[in-house]
Amino acid sequence: MGSSAKKKKEKQKDFTKAKLKVGKAKGKPENFTDTSFKSKGIVLNQQSLTLNAPTSNTQFTHHVSLLSSKSDSQRRDSLAHLTTSISSRPVNSPLPQPVSVILPTLLPLILDANTGVRTQLLKLFRALPQSDIRDHVPQLLPYIRAGMTHLAADIRVSAVEVLSWLIDVAGTEVVSSAGGWIKTLNCFLSVLGWHTEESAKWSANRASFGKSGAKGQPMMKVLTVLAEFLNAGIGAPANEAQDVDMLGSGGVAGWEFPLCQTAVHMVPDTAAPYAYLNLFGQPRDEEGEMYETWEDRYRVFSNRFLRAIQRGLENARQEGGEMGRASSGASKVLKEAVAYGTGIADRDIVSSHDSTSRGTSIHDLEPKE
Amino acid sequence: MVKRKLGALEKVEADLPNLQHKIRRDPKSYIEDFRAQHYQYESHREIFMAAPTSATDTGIISLRELIDFVAHVADCYPDITKDFSQQLMDILTQHHLVLEPELREKIVGSLVLLRKKELLDSATLLQTLFPILITTPSKTLRALIFQKILMDLRSSNAKTTNHKLNRTMQTVLYNLVTSDRVSSKGLWAIKLIRELWKRQIWSDAKTVEVMKEASLSENEKVIIGGVRFFLGGDQEREEMEDESSDEEAIDLGKVKHQVGINKKTRKKSRAVEKAKATVKRKERKKNQPHPLNFSALHLLHDPQGFAEALFSKHLQNSKSKLNLEQKLQVLQLVTRLVGLHKLHIMQLYSYFQKYLTPRQPSVTSFLASLAQASHDLVPPDVLEPLIQKIANEFVSEASASLVATAGLNAIREICARQPLAMNETLLQDLVMYRKSKDKGVVMAARGLLGLYRDLNPEMLKRRDRGKEASIGLRSGEKKEKRFGEEETGGIEGLELLEQWKEEERKKKRAEKGLPSDAEDGEDEEDEAADWDAWNVEDDEDSDDSGGWIDVQSDAEIDLSDSDDEKDARPSKKAKQGAYNEENANSETAQDKTEAQKPNIATIATTRILTPADLAKLQELRTQAAVDALVPGAKGRRGQTNASRHKDDPLTAEEIEGLAALSAGKATREERIAHAKEGKTDRAEHKSITAKRKERKEEQGKSTTNKEKARRKNIFMTLGKARNKNKRSLVETRNILKAHQDRQKRGGRRGNNG
């Protein structure tokens, strides 16, 4: 039998003992794996071999660089370190690194997958000096909006929390920055699912995708932040009283036409006074435009969003429970805004009858019924 | 932080491919989710546009994935995504230099996807991609974009020719080539056109115009690209066509049979449908008329101007940067144009003068080009010094046999095109080389001899003329063709048809027992029969051959050179006797030819060819072509290759031609290869049984019981064999009986009912 003999031989081969000889290298075992490799150069990572402990400043920079680390816990710990080092620094001393340097590395973490990282990030944000944040709102907002429309529900929630903080810190900047009004409102509508009439109904087929936490707590959170946002944008302004008394009593307002609006003709005292001219950026469309005055925002709001939000709030109220309670805050703001809007319009009509000092007529600001 | 229980589930749910799948099934329900993702994409785009260079991977979902997602479902929500394609194009055109490769590829892919979904029109897509193709430094991106552009052009021309798109694209390419003649960007135009030409998507004059401009550019790469297109583009196209036509044929019967036997699934039935459709398409294709494709050289508007420009710009110009090889290619193109269109560029011939020495590198190419450049309208006195020079430099007893062969071949090729360029003394001198010792030289010289026997036997010495030529001379049939004389046109292969008809008539008459030559009224009957058979039936057009073509099996090499020697051998008396006879014979022959000649000339005018006639004519033509290819067939070796088409180029190999014979003894392999050259492919020699077995295995059929028994492992049969010895007589008897019984019944199962 040819084949069988051959097989026998092959079998035998496995059991033959390799002879060891003096002066010859030992044969390689059967399961030997060649791990050698060729390289043009070998690079050793540099180690710092200084005896002195690193200064707090260098540590701070080091931890900033660690924020883009792959491991979740590393990122979280670095954030914690940054938070403590910022909050524990002596009063009135500047930050180890300016906000404009830290912020670009912090922003992507708004969309971080890990919950711990995101909560820690919010803590860090809260520790940052408020005045520094105001100039960086246009950078923050796109990330927050991206977070608000994220597929994962808890990223959405934490993005809303970040937005709440930002409104606290720099409410007017948020609503008047480029794209800050319309785009953010759009995001709110999509988080709440209030875009169309059909989808806003409580009985609607909520074939929601990836919205595991869409009920209860998170929804309430979103509603309260929406109320804050609306308040910052079109809520009855707090400085209205001042305005009124400027109009009413003597003061500057009593003066002749160009003098009564002196403040308007001065160079504004914001960081980027001519941002609305958009000299260097991409051309903006309607959604990306800046709406700096209350009137602009109210006009846009009443044209585009008022009906949808009213409808949504009504439905939320009907749903009752915590949702209903949460919605009441928002509806209160809305009511005030509408009342104030119509009030202004009325007053405007009157004033335009009275005098020609105010050139702008705001008929078109009235919500369309 | 306590881990939330939902985490894992959420992660599974919350991926874009899953959402994409759900949206595909029910776009209406998921509109809110899509809107959210679209906002997400918008914000990411905003982030990206703010700082395109610092490409940070933002969290779990990157811009790339979002673009992919939106592009895939864009057709479900056209109103939400109406700006999407424009945004992608903006990103690509503005930032393609700094984009990370993956994102860049994704954007290109998404744009093509949008094009496929008809959300974007071809012109816009091409206008976006083409500038990037030219400017980008990235090789991978260029390859990708090139492929996509090509694909888009193909698909938009698939059903009907999209003239509008083609025209805009051709204009873009033309401008690309002509706008900046120094840069090598024109190479992209060449690459694209070459590919489209190959696939017969673009085959019009405008395309050729672009290539013409390319070959007149300043950049070497572009020049050579253009020149190569003219030299090889059409060949490439033909090869491509051949490839596509002989795809594996589908055996519909087999497919149907298999479906009948195997398990019936939807997949299988779909396969059958597909096979049916393919077969149907093929049938339709077969019946379609062959598309008229002119070669690029024929589509040129102004060949004279083009050839002159090429010659003066690249060859005569001393500042031209081309190297010898490139110059040769340009020269080939110029000479092909000259030969094909019968152009006149007089400087061209004096240009050749300095290159015609055996020491010149790749001189055979120069010789081939010269031969190509000569046609019957070139003044003979321009060519004569060149021939003289070739004869002086190449053909002498002192020069190597290879060189002499090449020279003789070149002279033959030139003279085949312009016979008047040769003078008598030189010709007679050159013909003497057929007595050389070297086989290659002998063959080349014989070639020249044969050529002049055919064209102008008067120039040869009397004893070199041969029988046919002498007869032709005497009858006045063979005359020197004068300069500029044109032959009257005819139908190719008509004389073959006539010959065949004559033979048929003779056969018929022989059957009837009539003298073969007599004229009678049968012709009319024949004709009537022909008219009855006006329509070509399948069995009629190839009645005897049935698709096969007869190949002359053993045609002997019949060099007429030898027969005059034969004539010379017989004794004088016999010769004289023979001479008389010959005279008489020749006279009768002369009469016959005289009688036949008008017949051949008038067949096209006296009769209307029926479709059956035309079919037969086609058949005869192909047979003649095949005969010409068979080794040993008359007229193949010696004379200029008759089967060669006028458009085909003359190559250096043809000039070297038989030089291979002089190169010394060929190796065994070479000889075998040479012998096999003309033979058709033949499988390995095998017995019939082996062949059958092989065929069976190929078709996937199983083995017979006999075969199974033969292959059975011997250990399995050993026991039985041993038992056989121990059987008792009774047992043996019973077994034998049972066997006999079984045989009668026809097997264990009983085969006879």
Side-chain angles (χ1 to χ4, degrees), chain A residues 1 3-4 68 76 104-105 107-117 119-120 138-139 141-156 178-179 183-184 186-187 189-196 198-200 204-213 281-282 285 287-288, chain B residues 1-16 18-23 25-26 28-52 54 56-63 65-66 69 80 83 87 90-91 94 713-715:
Chain A
M1 274 316 291
S3 71
S4 130
S68 52
R76 199 185 56 218
T105 45
L107 290 178
L109 295 181
I110 294 178
L111 307 174
D112 199 286
N114 189 299
T115 325
V117 174
T119 44
Q120 195 60 52
Q139 290 172 39
L141 271 180
Y143 283 94
I144 292 177
R145 282 198 295 266
M148 279 168 74
T149 49
H150 206 278
L151 268 178
D154 36 359
I155 293 182
R156 278 198 300 256
K183 282 187 181 172
T184 316
N186 265 330
C187 289
L189 288 191
S190 103
V191 172
L192 294 163
W194 287 355
H195 259 294
T196 56
E198 200 161 304
S199 58
N205 175 25
R206 280 267 171 86
S208 55
F209 184 85
K211 278 184 185 167
S212 55
Q282 297 280 326
D285 53 353
E287 292 193 356
Chain B
M1 190 76 205
V2 183
K3 231 181 190 177
R4 280 182 51 204
K5 268 188 181 172
L6 264 164
L9 189 66
E10 220 170 58
K11 218 169 184 184
V12 172
E13 279 258 298
D15 58 347
L16 285 174
N18 194 4
L19 179 59
Q20 183 185 326
H21 174 64
K22 286 185 172 172
I23 285 180
R25 282 192 308 188
D26 186 7
K28 222 174 149 194
S29 301
Y30 287 94
I31 186 162
E32 282 301 316
D33 292 287
F34 176 75
R35 215 190 290 259
Q37 289 318 302
H38 192 249
Y39 286 132
Q40 171 95 351
Y41 153 75
E42 288 275 357
S43 346
H44 275 276
R45 194 177 68 87
E46 206 174 317
I47 293 165
F48 171 80
M49 290 301 254
S54 62
T56 46
D57 202 11
T58 43
I60 320 171
I61 289 165
S62 61
L63 181 60
E65 284 161 9
L66 282 167
F69 166 75
I80 299 179
D83 294 335
Q87 284 165 353
D90 286 345
I91 293 180
Q94 286 165 20
N713 193 347
I714 194 164
F715 289 111

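Below, each value reflects all heavy atoms present in this structure, side chains not excepted, and no hydrogens, waters or symmetry copies. So that the names make sense, note that chain A is the first sequence line, chain B the second, and so on, each numbered from 1.
- Listed by chain and number, the residues in a side-chain hydrogen bond (donor to acceptor under 3.5 Å, both in side chains) with D90(B) are Q86(B) (sequence neighbours excluded).
- From S43(B), atom OG reaches atom NZ of K183(A) across 7.5 Å, with rounding to the nearest 0.5 Å.
- Scanning both residues, I47(B) and P142(A), for their nearest heavy atoms gives CG1-CB, 3.5 Å.
- Using a 4.0 Å cut-off between a side-chain N of Lys or Arg and a carboxylate O of Asp or Glu, R145(A) and E42(B) do not qualify as a salt bridge.
- Side-chain contact between L192(A) and E32(B) is absent, with no heavy-atom pair separated by less than 4.5 Å.
- Atom CG of L141(A) and atom CD of E46(B) lie 8.5 Å apart (nearest 0.5 Å).
- Taking chain B as the reference chain and counting heavy-atom pairs below 4.5 Å, the highest number among G147(A), C187(A), A146(A), S68(A) is found for A146(A).
- The NE2 atom of H150(A) sits 6.0 Å away from the NE2 atom of H44(B) when rounded to the nearest 0.5 Å.
- Q37(B) is listed as a side-chain neighbour of L151(A), based on a closest heavy-atom distance under 4.5 Å.
- A distance of 12.0 Å separates OG of S190(A) from NE2 of H38(B), quoted to the nearest 0.5 Å.
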